[in-house]
**Student:** 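Structure below; questions to follow.
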Amino acid sequence: MRNFEIAGIFLKISELLEIKGESVFKVRAYKKAAESIASLKVELKDLVEMGYSLNEIEGIGYAIEGKIKEILTTGTCEFYERLKREIPEGLLEMLKIPGLGAKKVKTIYSELNIDSIEELEKAAKEKKLRSLKGFGVKTEQAVLKGIFMLKGSFGKILLSTAQYLTEELREFVKSSNLNIKMEFAGEIRRRVELIEKIIAIVACSENDKKEVVSVLLKFPRISKIIKVDEDKIEVFLDLGVLLEIRIVEEKSFFTSLFVNTGSEKHLAQLNKIAESQGLQIAEDLIIIKGENYYPNSEEEIYQKIGIPYIIPELREGRGEVEKALENDLPEVISLKDIKGDLHMHTDWSDGINTIEEMAKKAMDLGYEYIAITDHSKSLKIANGLSVERLKEQIYYIKNLNEKFNNFDILTGIEVDILSDEVLDFDDEVLKDLDIVVASIHTGFKQDREKLTRRILKAMENPYVKIIGHPTGRLLGKREGYEIDIDRIIEKALETKTALEINSSPDRLDLTDVYAKKAKEKGVKIVINTDAHESGALEDIKNGIFVARRAWLEKKDVLNTRSLKELLMELKKA
DNA sequence: GCCGTTTTCGGCCCGACTGTTTTCAGTCG
């Protein structure tokens, strides 16, 4: 069992204990253990095998170490199983609804005997929740809204999780010595933010098909088989997503890859052009003027259709076909273009690693610079920096910089945009920093006008260079706050403030659609990770995916510049 | 349940906001 799965069990234990009404400290201890395990760089399995004591790990004591060992040998632990028997698991689903915490979920369960989202939705529609003590009309509406959001992401997983599964499937294929060619198509190849179905295209000889199917069905992640025949496997995986494997002959590989990658709209547009050229494109066969045609690459297919090759991330039917016809496709940004990261946290606030460790990791990634942007003073839970500590940090970083050649650490802050439109630090403090990222962390529920005004006001500040995670969404967990993105884009342009694409896997904020809009208006973008530990600096790839889907080119993104150019192009105070 | 001692038990990030109340519990970051 992998760390993230073990962490998942401890997180569930902490939630079950919370619903049960256990001590908040015990609840917190399990949650902390889960977080600690999730951020480990080494697999617990290996540590145990090598005989290391797990007590060394922060947040793991005698009791939890025992449970980890039990989980590693049996796949679960008795304590967890007992809790699950005691408390229906449906209650954990209900916890995901914003506004419902452990206490309210418990009330719903004990008063109305409701233990599933479906029953809860029914009760809310029948206006039964508002009569419960501590509930009212607004809570009832919030529940319905939350369920609506949950349903939108039901059966979908984060792109990063889906990619993890594809890696596992690749490893499985490799270890099974299957002689096949495999590539992933569909949403995952287009880098869609939430994945409903993982599609794999597998090519093998006609004779091997039977054997290939029987081996693939042994992939340990399969939790339910939906449909199997010689050409297609459809299964449900244990992390909550569909996997479809299409098995084709070698010669049909690229046709199948092509047909299964583009969105419906993209393919429909291409088909229309193809037909006019005398091409018929079917599931795994292309016919040109009555003759079968088997391409050796996708590029060849586009060539036959008569337009330039379109990369998977653009195949959404958002105007890319028209641009291709005009030979005016964007030359989208790629990972190697990034020269630095301008939003990250350290152990000075709520990050795990030291400034030096973050810098070292950044150098390993080949960066030329980073900005340290810990939280500002009001964010107490994140150990936000006081003015004094910030000054101390600035002094510390300036000294540290003298040790480096060809690498710079910029001083900075992620300053809170407080509920009353005021920034958490005065200009007197901000003026001494290289990078000021302004973000909203509180008062999400204010109305659209108020939230928009908070961001607009922040952009008017001469020292604010970047707006961090502009919509505040958490994929599958929380809708973004209500903002008028058009006015924000307009103001960003006017004040020369950059908008962030936050690469954290569950944020991806700005979204591809908004980032494209911003680019079209000429607003500059920065792609940051918001890393809270050094390993998370690698999340930058997620932001690059978003940027590519948003048609961003190198020139649209400021942290592709050298430090000198970056400082020149960033808004000047 | 973890941690760190003042070594065996007491403390454990904290404050704002919201929707309920009619003075505050619950949720959230």
Side-chain angles (χ1 to χ4, degrees), chain A residues 9-37 53-68 70 77 79-80 83 94-108 111 129-143 145-146 345 347-352 374-386 389 414 416-422 424 439-447 450-451 454 468-469 472-474 477-481 504 506-507 530 532:
Chain A
I9 291 178
F10 286 122
L11 190 64
K12 281 191 176 173
I13 289 178
S14 103
E15 289 172 343
L16 289 165
L17 289 174
E18 200 182 1
I19 294 173
K20 211 181 146 192
E22 277 279 0
S23 138
V24 288
F25 298 109
K26 196 167 173 177
V27 170
R28 196 182 291 166
Y30 276 101
K31 195 167 173 226
K32 192 172 178 215
E35 284 164 0
S36 183
I37 292 168
S53 162
L54 302 181
N55 278 303
E56 308 274 316
I57 302 166
E58 175 101 16
I60 294 178
Y62 180 74
I64 293 186
E65 175 173 19
K67 293 189 176 75
I68 291 175
E70 191 185 345
C77 69
F79 182 61
Y80 176 46
L83 280 172
M94 287 160 55
L95 267 188
K96 291 182 186 158
I97 297 168
L100 288 191
K103 297 270 171 59
K104 285 212 161 77
V105 166
K106 196 180 177 184
T107 304
I108 291 168
E111 297 294 317
L129 296 185
R130 61 181 67 179
S131 60
L132 294 172
K133 191 173 161 59
F135 288 63
V137 177
K138 289 206 171 171
T139 312
E140 200 170 73
Q141 284 164 349
V143 165
K145 196 176 162 204
H345 301 270
D347 60 355
W348 285 66
S349 66
D350 61 344
I352 289 176
D374 277 308
H375 289 290
S376 59
K377 66 176 192 291
S378 287
L379 215 57
K380 303 277 182 202
I381 194 171
N383 192 22
L385 268 51
S386 63
R389 287 180 65 224
E414 181 180 19
D416 255 69
I417 306 173
L418 303 175
S419 297
D420 54 359
E421 298 180 22
V422 174
D424 200 15
S439 311
I440 287 183
H441 293 112
T442 50
F444 299 131
K445 289 189 179 168
Q446 291 178 335
D447 63 47
K450 179 101 183 141
L451 277 157
R454 281 166 74 186
H469 45 74
R473 74 162 176 178
L474 291 178
K477 288 186 216 150
R478 184 177 78 203
E479 300 270 14
Y481 21 81
S504 180
D506 60 351
R507 284 198 186 269
D530 197 357
H532 284 68

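Naming: A, B, ... by sequence-line order, numbering from 1 per chain.
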**Student:** Hey, does the side chain of Thr442(A) come within less than 4.0 Å of dG15(B)'s phosphate (OP1/OP2), counting only N and O?
**Tutor:** no
**Student:** For nucleotides dT20(B) and dC28(B), find the distance between their P atoms and express it as a whole number of Å.
**Tutor:** 14 Å
**Student:** Rounding to an integer number of angstrom, what distance separates dG10(B) and dG15(B) when you compare their P atoms?
**Tutor:** 24 Å
**Student:** Does the Lys NZ or Arg CZ of Lys12(A) fall within the cation-pi geometry relative to Tyr80(A) - under 6.0 Å from the ring centre and within 45° of the axis?
**Tutor:** no
**Student:** Suppose you measure atom C1' in dG29(B) against the same atom in dT23(B); what distance do you get, rounded to whole Å?
**Tutor:** 24 Å
**Student:** Applying a 4.0 Å non-hydrogen cut-off, can you work out what Gly443(A) is touching in the nucleic acid: base, sugar-phosphate, or nothing?
**Tutor:** nothing
**Student:** Send over the distance from Lys104(A) NZ to dT27(B) C1', rounded to a whole Å.
**Tutor:** 7 Å
**Student:** Expressed as a whole number of Å, how far does the C1' atom of dA16(B) sit from that of dG11(B)?
**Tutor:** 24 Å
**Student:** If we take the P atom in both dC13(B) and dC17(B), what is their distance in whole Å?
**Tutor:** 23 Å
**Student:** Scan every strand shown for a Watson-Crick or G-U wobble partner of dC3(B), both distances under 3.5 Å, and answer none if you come up empty.
**Tutor:** dG10(B)
**Student:** For salt bridge (charged side-chain N to carboxylate O under 4.0 Å, His left out), just list the numbers for Lys106(A) and Glu18(A), CA-CA rounded to whole Å, side-chain angles, deciding distance to a tenth of an Å, and then say yes or no.
**Tutor:** CA-CA 9 Å; Lys106(A) 196 180 177 184; Glu18(A) 200 182 1; over 6 Å; no
**Student:** Would you say Lys103(A) reaches dG26(B)'s phosphate, i.e. side-chain N/O to OP1/OP2 under 4.0 Å?
**Tutor:** yes
**Student:** Would you please confirm or rule out a distance under 4.0 Å between OP1 or OP2 of dT20(B) and any side-chain N or O of Arg130(A)?
**Tutor:** no
**Student:** Is the glycosidic torsion of dT8(B) within 90° of 0, making it syn, or is it anti?
**Tutor:** syn
**Student:** If the cut-off is 4.0 Å, is Thr139(A) near the phosphate of dT20(B), judged by side-chain N/O to OP1 or OP2?
**Tutor:** yes
**Student:** Under 4.0 angstrom, heavy atoms only, what part of the nucleic acid is Leu95(A) near: base, sugar-phosphate, or nothing?
**Tutor:** nothing
**Student:** What is the nucleic acid contact for Leu379(A), judged by heavy atoms within less than 4.0 Å: base, sugar-phosphate only, or nothing?
**Tutor:** nothing
**Student:** Scan Val137(A) against the nucleic acid and name what it touches under 4.0 Å (heavy atoms): base, sugar-phosphate only, or nothing.
**Tutor:** sugar-phosphate
**Student:** Does Asp424(A) reach the side chain of Leu379(A), with side-chain heavy atoms less than 4.5 Å apart?
**Tutor:** no
**Student:** For the pair made of CD in Gln446(A) and P in dA16(B), what is the distance, rounded to whole Å?
**Tutor:** 14 Å
**Student:** To the nearest Å, how far apart are Lys106(A) NZ and dT27(B) C1'?
**Tutor:** 17 Å
**Student:** So Phe25(A), base contact, sugar-phosphate only, or nothing? Heavy-atom distance under 4.0 Å.
**Tutor:** base
**Student:** If we count only N and O atoms by modelled type, under 3.5 Å, do the side chains of Glu414(A) and Ser439(A) hold a donor and an acceptor together?
**Tutor:** yes
**Student:** Within the 4.0 Å heavy-atom criterion, would you say Ala102(A) contacts the bases, only the backbone, or no part of the nucleic acid?
**Tutor:** sugar-phosphate
**Student:** Answer yes or no: is there a side-chain heavy-atom contact under 4.5 Å between Leu474(A) and Arg507(A)?
**Tutor:** yes
**Student:** When we call it a touch if two heavy atoms are under 4.0 Å apart, what does Ser378(A) touch: a base, just sugar-phosphate, or nothing?
**Tutor:** nothing
**Student:** When you compare dG1(B) with dT5(B), how far apart are their P atoms, in angstrom units rounded to a whole number?
**Tutor:** 23 Å
**Student:** Mapping Ala63(A) and Phe135(A) to their closest nucleotides on DNA chain B, which lands nearer the 5' end?
**Tutor:** Ala63(A)
**Student:** Does some side-chain heavy atom of Ile37(A) sit less than 4.5 Å from a side-chain heavy atom of Ile68(A)?
**Tutor:** yes
**Student:** By nearest heavy atom, map Gly101(A) and Asn383(A) onto DNA chain B; which one lands nearer the 5' end?
**Tutor:** Asn383(A)
**Student:** Has Lys445(A) got a side-chain N or O lying under 4.0 Å from the OP1 or OP2 atom of dT18(B)?
**Tutor:** no
